[in-house]
Peer 1: 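There's a structure below that I have some questions on.
Chain letters run A, B, ... following the sequence lines, proteins first and then strands; every chain starts at 1.
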Amino acid sequence: MSDTYSQPTPAEHTITRFAPSPTGHLHVGGARTALFCWAFARGHEGTFLLRVEDTDQKRSSEAAVAGILEDLKWLGVEWQEGPAYEGLGGDPRGVGPFFQAERVDIYNAALAELLESGRAYPAFETAEELDAKRKAATDANQTYRYDRAALEIPEAERISRMMAGEPHVVRFKAPDHDVVVADSVLGEVRFAAGELDDFVIRKADGFPTYHFAVVVDDEAMGVSHILRGQEHLQNTPRHVALQQALGYRTPVYAHLPLIFNPDNSKMSKRDKDKAVRAYCKEQKVDAAPEGTLDDAGFKAWMEDKRAQLPTDDLMRLATAIGFAPPEIDVEDFRRSGYLPHVLCNYLALLGWNPGEKNEDGTDVEHFSMGYLVEKFGLDRIGKSASKFDREKLMAFNANEIQNRMSDERFADAWRTWLERYDRATLEALGDKLPMAAAAARQRTRVMREAAGVVAFALRDDFGYDDKAVQKVLLKNDGEGLAVLRELGPVLEGVEPFEADAIEAAIKNWCEAKGLGMGKAAQPLRVAMTGGTVSPGLGQTLELIGKQASLDRVGRCLSQFAGVGGG
RNA sequence: GGCCCCAUCGUCUAGUGGUUUAGGACACCGCCCUUUCACGGCGGCGACCCGGGUUCGAAUCCCGGUGGGGUCACCA
């Protein structure tokens, strides 16, 4: 065996890896896999490494790599080994590089062994020829397996044609015995001999296929535990067969249950395009709004049910038409204003459960990253797929913001979020941000809702809600307006103009008049915001400011005086 | 269709043969708190896919059925 990929690490050391292919942002399913790999390694004082599977030249992009690294870092899923990124990554054991496209020599060395031992062989069919064979088999209602036609060619000729540079792939000769996959979640899964066909391990372009690269790399990098989605289960016998042929050890496998949409469809990036497209149809949007797409592009996208827009274009379009597509990628949840450790918390519960109770008998459901690291284990991973429930995630996030965060911590988190996603509001708020945060916190479930809660403070030129005006100001001969008239001077006398003092002053006035607080609060709300809903009265007025509050009372009075009496 | 996986309230799940009138969370519905909204408190609704075994006893073990899902590329 060549030293190139000999085992550099003692087998007892726990090493997990996350190996995304850089074809887009990190998907929540991938995020959960990464999270589990990370937690498992951490909990076993092991190493979590990141490897980029970019052997598909056509679909990989550097932007996608950067996006995935950023998403992981934001989540708090930190890799000790792998691509360097803001202090993460590195290669202390010298097992890199961590981009498969840079490891072709390593794969070829392993491949040479298989070729030599006769476990792999070149095949010369074109993709078109294979498609035709496949189609013929399907049409005849039969399962297609590669027919080993290339093995009909005498070996010497095969080799010489390969050496002469004739286009070819290399196939692995599948074993003639059953392959058993020992999975720590599912148990032993047996695949009968003959189920595997001679799959391709090196493509015509010289790059290894996924199956081959994964097996070689996991061995070379000393990966001890492979946690991945259950959609990979049928790949595993191929990998095990390859390991056996190469004399590698087989790592521990744990196949994670799948995550679905509430309607049982697979969660996919396409869902976003689908939702936006449906909204466009529903709202009869027949041309792309200014500054989003050109007409031809928009039309083509609308007509092709499976078309996907680049993320940025899609989001710009969605924003322009006032629609929020469902969150699918980690970046989507970040943009909506979920907290990273809450997302991790929720994700961890999809397919895993600590199985512990709180003292009051409820299940332990809200936990920190540290708790996850401490408790996570393969033995409590579930077997059945789960549906992604945004309502519950939202409730988790709301719980964190409303019941666990302080006003100060929320203000910090909000500021960070605004810096990235809503600079206009950040600037409009200015140094009132902490006050606004305090007012908005208990009414905010995800960060993007917060600005709406305090929107009244940002603009003076709001309109009044008719129903509110009728009910609160004009009813009973302008009772509400009369209250407002008297409240003006009361507010004027409040100094300093702070929430508690404001509330106290209004309360005093009510008591003196023998009125319930509601009789004063609601007219003031309408005057301050145009409607009947706002944060606490004191907070609302303080946020608006003394002069502006008085102005709003005046404006309201002059607008409705004489409309309905009073 | 072949192969493979799975199956507890609408959803996420606890439950590993008796401690279970199956526990919790989200959602939903009431009531309470209350200056609106929200928060919070209390209560309610609501599940072991079906059929056979095994056993004194089965949500838990076995078999079959049904249902759901995954996968069948020179993508990963």
Peer 1: What integer number of Å spans the P atoms of rU8(B) and rU13(B)?
Peer 2: 9 Å
Peer 1: Measure the distance from CD on Gln442(A) to C1' on rG40(B) and round it to the nearest whole Å.
Peer 2: 9 Å
Peer 1: Have a look at Arg202(A) and say if it touches a base, only the backbone sugar-phosphate, or nothing, with a 4.0 Å heavy-atom cut-off.
Peer 2: nothing
Peer 1: Determine the Euclidean distance between corresponding P atoms of rC48(B) and rU11(B); express it in Å to zero decimal places.
Peer 2: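 Each nucleotide's P atom is 12 Å from the other's.
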Peer 1: Expressed in angstrom and rounded to an integer, what is the separation of Asn353(A) atom CG from rU8(B) atom C1'?
Peer 2: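 Those two atoms, CG and C1', are 14 Å apart.
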Peer 1: For the residue pair Asp205(A) and Gln57(A), confirm or rule out a side-chain donor-acceptor distance under 3.5 Å.
Peer 2: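 On atom types as modelled, these side chains do not qualify, holding no pair under 3.5 Å.
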Peer 1: With the side chain of Thr143(A) defined as its heavy atoms from C-beta on, choose the nearest nucleotide among rU35(B), rU71(B), rG2(B).
Peer 2: rG2(B)
Peer 1: Looking across every strand, which nucleic acid part, if any, lies under 4.0 Å from Ser534(A) by heavy atom: base, sugar-phosphate, or nothing?
Peer 2: base
Peer 1: With the side chain of Asn403(A) defined as its heavy atoms from C-beta on, choose the nearest nucleotide among rC37(B), rC39(B), rU35(B).
Peer 2: rC39(B)
Peer 1: Tell me the interatomic distance from Phe388(A), atom CZ, to rG10(B), atom P, rounded to whole angstroms.
Peer 2: 21 Å
Peer 1: Pick base, sugar-phosphate or nothing for His366(A), based on heavy-atom distances below 4.0 Å to the nucleic acid.
Peer 2: nothing
Peer 1: Measuring only the P atom in each nucleotide, how far is rU55(B) from rA14(B)? A whole number of Å is fine.
Peer 2: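 About 30 Å, rounded to a whole number of Å.
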Peer 1: If only atom types and distance count, is the side chain of His27(A) paired as donor or acceptor with the main-chain N or O of Met267(A) below 3.5 Å?
Peer 2: yes
Peer 1: Rounded to whole angstrom units, what separation is found between the CD atom of Gln539(A) and the P atom of rC37(B)?
Peer 2: 16 Å
Peer 1: rC4(B), rU36(B), rC26(B): which one has an atom nearest the side-chain heavy atoms of Val533(A)?
Peer 2: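 Of rC4(B), rU36(B), rC26(B), rU36(B) is nearest to the side chain of Val533(A).
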Peer 1: Distance check needed: rA73(B) C1' versus Lys58(A) NZ, whole Å only.
Peer 2: 11 Å
Peer 1: How far does the P atom of rG23(B) sit from the matching atom of rA47(B), given to the nearest Å?
Peer 2: 11 Å
Peer 1: If we take the P atom in both rU66(B) and rC29(B), what is their distance in whole Å?
Peer 2: 39 Å
Peer 1: So which nucleotide from rG69(B), rA76(B), rC5(B) ends up closest to the side chain of Val189(A)?
Peer 2: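 For the Val189(A) side chain, the nearest candidate turns out to be rC5(B).
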Peer 1: Could you state the CE-P distance from Met267(A) to rC12(B), rounded to the nearest angstrom?
Peer 2: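 In whole Å, rC12(B) P lies 13 Å from Met267(A) CE.
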Peer 1: Just call it for Glu356(A): base, sugar-phosphate, or nothing, with non-hydrogen atoms closer than 4.0 Å on any strand.
Peer 2: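 No contact.
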Peer 1: Given the C1' atoms of rC45(B) and rG24(B), what is the spacing between them in whole Å?
Peer 2: 16 Å
Peer 1: So which one's nearest nucleotide on RNA chain B is more toward 5', Phe191(A) or Thr362(A)?
Peer 2: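 Comparing both residues, the 5'-ward one is Phe191(A).
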Peer 1: Counting any heavy atom closer than 4.0 Å, what does Pro535(A) reach on the DNA or RNA strands: base, sugar-phosphate only, or nothing?
Peer 2: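 Here Pro535(A) touches the bases of the nucleic acid.
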Peer 1: Could you work out which one of rA38(B), rA76(B), rA14(B) sits closest to the side chain of Arg59(A)?
Peer 2: rA76(B)
Peer 1: Students often get this wrong, so: under 4.0 angstrom with heavy atoms, is Thr138(A) touching a base, only sugar-phosphate, or nothing?
Peer 2: nothing
Peer 1: Taking the side chain of His232(A) as its heavy atoms from C-beta onward, which of rU11(B), rA76(B), rC4(B) lies nearest to it?
Peer 2: rA76(B)
Peer 1: Do Ser534(A) and Thr540(A) have side-chain atoms, one donor and one acceptor, less than 3.5 Å apart?
Peer 2: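 The criterion, which ignores hydrogens and geometry beyond distance, is satisfied for Thr540(A) and Ser534(A).
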Peer 1: Once hydrogens and angles are ignored, does a donor-acceptor distance under 3.5 Å link the base of rG24(B) to the side chain of Glu365(A)?
Peer 2: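 In this structure, the two groups form a donor-acceptor pair.
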Peer 1: Between rC62(B) and rA22(B), how far is it from one P atom to the other, in whole Å?
Peer 2: 24 Å
Peer 1: Students often get this wrong, so: under 4.0 angstrom with heavy atoms, is Gln142(A) touching a base, only sugar-phosphate, or nothing?
Peer 2: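 Gln142(A): no heavy atom of the nucleic acid under 4.0 Å.
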Peer 1: Starting at CD of Gln234(A) and ending at P of rC6(B), how long is that distance when rounded to a whole Å?
Peer 2: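 Rounded to whole Å, this separation is 12 Å.
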Peer 1: Among rC74(B), rC5(B), rA27(B), which nucleotide sits nearest the side chain of Ala127(A)?
Peer 2: rC74(B)
Peer 1: Without swapping roles, check the side chain of Tyr146(A) against the backbone of Val200(A) for a donor-acceptor pair under 3.5 Å.
Peer 2: no
Peer 1: Under 4.0 angstrom, heavy atoms only, what part of the nucleic acid is Val169(A) near: base, sugar-phosphate, or nothing?
Peer 2: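 Base, at least one base atom sits under 4.0 Å.
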Peer 1: Step through the shown structure and confirm whether more than 12 heavy atoms of other residues, nucleotides or ligands are within 6.0 Å of NZ on Lys519(A).
Peer 2: no
Peer 1: Could you tell me if Thr236(A) and Arg228(A) have a donor-acceptor pair between their side chains, going purely by distance under 3.5 Å?
Peer 2: yes
Peer 1: For the side chain of Lys203(A), starting at C-beta, report the closest nucleotide among rA14(B), rC39(B), rA76(B).
Peer 2: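 The answer is rA76(B), which lies nearest to the side chain.
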Peer 1: Return the nearest nucleotide to the side chain of Leu258(A); candidates are rU35(B), rG70(B), rC5(B).
Peer 2: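 Within the option list, the nearest is rG70(B).
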Peer 1: Just call it for Gly536(A): base, sugar-phosphate, or nothing, with non-hydrogen atoms closer than 4.0 Å on any strand.
Peer 2: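 Base contact.
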Peer 1: Taking donor-acceptor contacts at under 3.5 Å, does the side chain of Asn358(A) reach the base of rG24(B)?
Peer 2: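 It does not, because no donor-acceptor pair links the side chain of Asn358(A) to the base of rG24(B) below 3.5 Å.
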Peer 1: Looking across every strand, which nucleic acid part, if any, lies under 4.0 Å from Gly30(A) by heavy atom: base, sugar-phosphate, or nothing?
Peer 2: nothing
Peer 1: Rounded to the Å, how far apart are Leu347(A) CG and rC12(B) P?
Peer 2: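 About 14 Å, once rounded to whole Å.
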Peer 1: Quick check, are the ring centers of Tyr338(A) and Tyr346(A) under 6.0 angstrom apart?
Peer 2: no
Peer 1: Return the 5'-most residue of the pair Glu188(A), Ser386(A) with respect to RNA chain B, ranking by each residue's nearest nucleotide.
Peer 2: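 Checking each residue's closest nucleotide, the 5'-ward one belongs to Glu188(A).
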Peer 1: Does Arg161(A) count as lying over the ring of Phe124(A), i.e. NZ or CZ under 6.0 Å from the six-ring centre, within 45 degrees of the axis?
Peer 2: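 Positive - Arg161(A) is close enough to the ring of Phe124(A) and near enough to its axis.
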Peer 1: With heavy atoms under 4.0 Å as the rule, sort Arg380(A) into base, sugar-phosphate or nothing.
Peer 2: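 Sugar-phosphate contact only.
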Peer 1: What interatomic distance, in whole Å, is found between C1' of rG10(B) and the corresponding atom of rC49(B)?
Peer 2: 16 Å
